[in-house]
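Chain identifiers are assigned alphabetically (A, B, ...) following the order of the sequence lines, protein sequences preceding nucleic acid strands; residue numbering begins at 1 within each chain.
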Protein chains: 2
Amino acid sequence: MEEHSALDLLGALAQETRLRMVRYLVHCGEAGAPAGEIAREVEASSSRAAFHLAALERAGAVTSMRRSRQIVYRADLEGLGALISFLLNDCCDGHPDILACCAPRR
Amino acid sequence: MEEHSALDLLGALAQETRLRMVRYLVHCGEAGAPAGEIAREVEASSSRAAFHLAALERAGAVTSMRRSRQIVYRADLEGLGALISFLLNDCCDGHPDILACCAPRR
DNA sequence: TCCATATCTCAATATCTCTTGAAATGTTGA
DNA sequence: TCAACATTTCAAGAGATATTGAGATATGGA
């Protein structure tokens, strides 16, 4: 992952509403969730939700796909994984102290 | 790590000059580097460097310590590790596809 | 004490980002 | 074809963030 992509993705996640959206979508898994449900989950108006979902999609944190009347969003695990790998390996140089934190929790 | 700390750290890293500073400091290791050297490395004026270094320190990405006339900065591996762990475990729920990316490169 | 060095702080400005509400778009079922 | 629904787009305003250059602060050596 290139630096500018990592910067876009970091910027996308560095916002409360958007971070919550991503967490929710990761939790929803393969099924994803339609925009309206996401908006309700994070307590945002439809236009605010659309604004933030568009930012997440542009940055590569989520993907979208129309399903009849709704637009279903899913977490982009490839993109998110690439960012974490960038932070871990490129940015932090695979430092052992930091790698240690990646062990499955507890 | 709490959500608001993660947001602060993500925001701190989501900026080209600051991301480069962190990468350089990780590379410098225990020895760290004085502000002037960091400024030269990222091609920033002293006031611009001070502004960004202060932001990184506030967010917990670097630490600082005066050494005679200079102020030496170091990457805060604990803070950076906590962020990566947050992304991996809290935010992405330790998803196997994402955990896979944490194996030492290649 | 005085000077040079290293860094930080401040104010002004420019730019980006977020929120809001209204209006537009696209989809489905009657 | 029309009405209801789901979502996006747009413009305006408020607020946050980044850059610049000048000046302030702190340290060490002559």
Show the atom names and distances, to 0.1 Å, of all donor-acceptor pairs under 3.5 Å that link a side chain in residues 49-62 of chain A to residues at least two apart or in another chain.
unit_1, atom_1, unit_2, atom_2, d
His52(A), ND1, Arg18(A), NH1, 3.1
Glu57(A), OE1, Ser64(A), OG, 3.3
Glu57(A), OE2, Ser64(A), N, 3.4
Glu57(A), OE2, Ser64(A), OG, 2.8

Would you give me the side-chain donor-acceptor pairs under 3.5 Å for residues 33-43 of chain A, sequence neighbours excluded?
unit_1, atom_1, unit_2, atom_2, d
Glu37(A), OE2, Tyr24(A), OH, 2.5

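- For the side chain to side chain contact (heavy atoms under 4.5 Å, CB included) test, residues two or more places apart in sequence or in another chain that qualify with Glu2(A) are His4(A), Ser5(A).
- Where the helix from dT1(C)-dA30(D) to dA30(C)-dT1(D) starts and where it ends, the local axes point in directions that differ by 20°; five pairs per end, rounded to 10°.
- Partners of Ser45(B) by side chain to side chain contact (heavy atoms under 4.5 Å, CB included), not counting sequence neighbours, listed by chain and number: Ser47(B), Arg48(B).
- Residues from residues 49-58 of chain B that place a heavy atom under 4.0 Å from any atom of DNA chain D, listed by number: Phe51(B), His52(B).
- Contact of the Asp90(A) side chain with the Arg23(B) side chain is registered, since non-hydrogen atoms from C-beta on lie closer than 4.5 Å.
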Please lay out, stage by stage, how Ile98(B) and Val26(A) fare under the test side-chain contact (heavy atoms from CB on, under 4.5 Å).
CA-CA 11 Å; Ile98(B) 292 186; Val26(A) 169; 5.8 Å; no
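- Asp8(A) contributes atom CG, which lies 10.5 Å from atom CD of Glu3(A) (distance to the nearest 0.5 angstrom).
- Each side chain to side chain donor-acceptor pair (under 3.5 Å) pair with one or both residues in residues 92-101 of chain A, not counting sequence neighbours, would appear here, but there are none.
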What pairs of nitrogen or oxygen atoms, one from the protein and one from nucleotides 21-24 of chain D, lie under 3.5 Å apart?
unit_1, atom_1, unit_2, atom_2, d
dG21(D), O6, Ser47(B), OG, 3.1

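- DNA chain C lies under 4.0 Å from at least one heavy atom of each of the following residues of residues 2-24 of chain A: Gln15(A), Arg18(A).
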Distances for protein N/O vs nucleotides 1-6 of chain C N/O pairs under 3.5 angstrom?
unit_1, atom_1, unit_2, atom_2, d
dT5(C), O4', Arg69(B), NH1, 3.1

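- Two residues are said to be in side-chain contact when any heavy atoms from C-beta on lie closer than 4.5 Å; Leu88(B) and Leu88(A) fail this criterion.
- Residue pairs meeting the side chain to side chain donor-acceptor pair (under 3.5 Å) criterion with at least one partner in residues 72-81 of chain B, sequence neighbours excluded, are absent.
- Side chain of Gln70(B) to backbone of Val72(B): no donor-acceptor contact under 3.5 angstrom is found.
- Side-chain contact check for Leu19(B) versus Phe86(A): some heavy-atom pair is nearer than 4.5 Å.
- Nearest heavy atom pair, residue Leu25(B) against residue Ala75(B), reads CB-N, 3.8 Å.
- Dashed line: the shortest gap from a side-chain N or O of Tyr73(A) to OP1 or OP2 of dT8(D) is under 4.0 Å.
- Annotation for Cys92(B) and Leu80(A): closest pair SG-CD1, 4.1 Å, computed over non-hydrogen atoms.
- In this structure, CE of Met65(A) is placed 19 Å from P of dG26(C), rounded to the nearest angstrom.
- Residues Glu16(A) and Leu7(B) meet the side-chain proximity criterion, which asks for heavy atoms closer than 4.5 Å.
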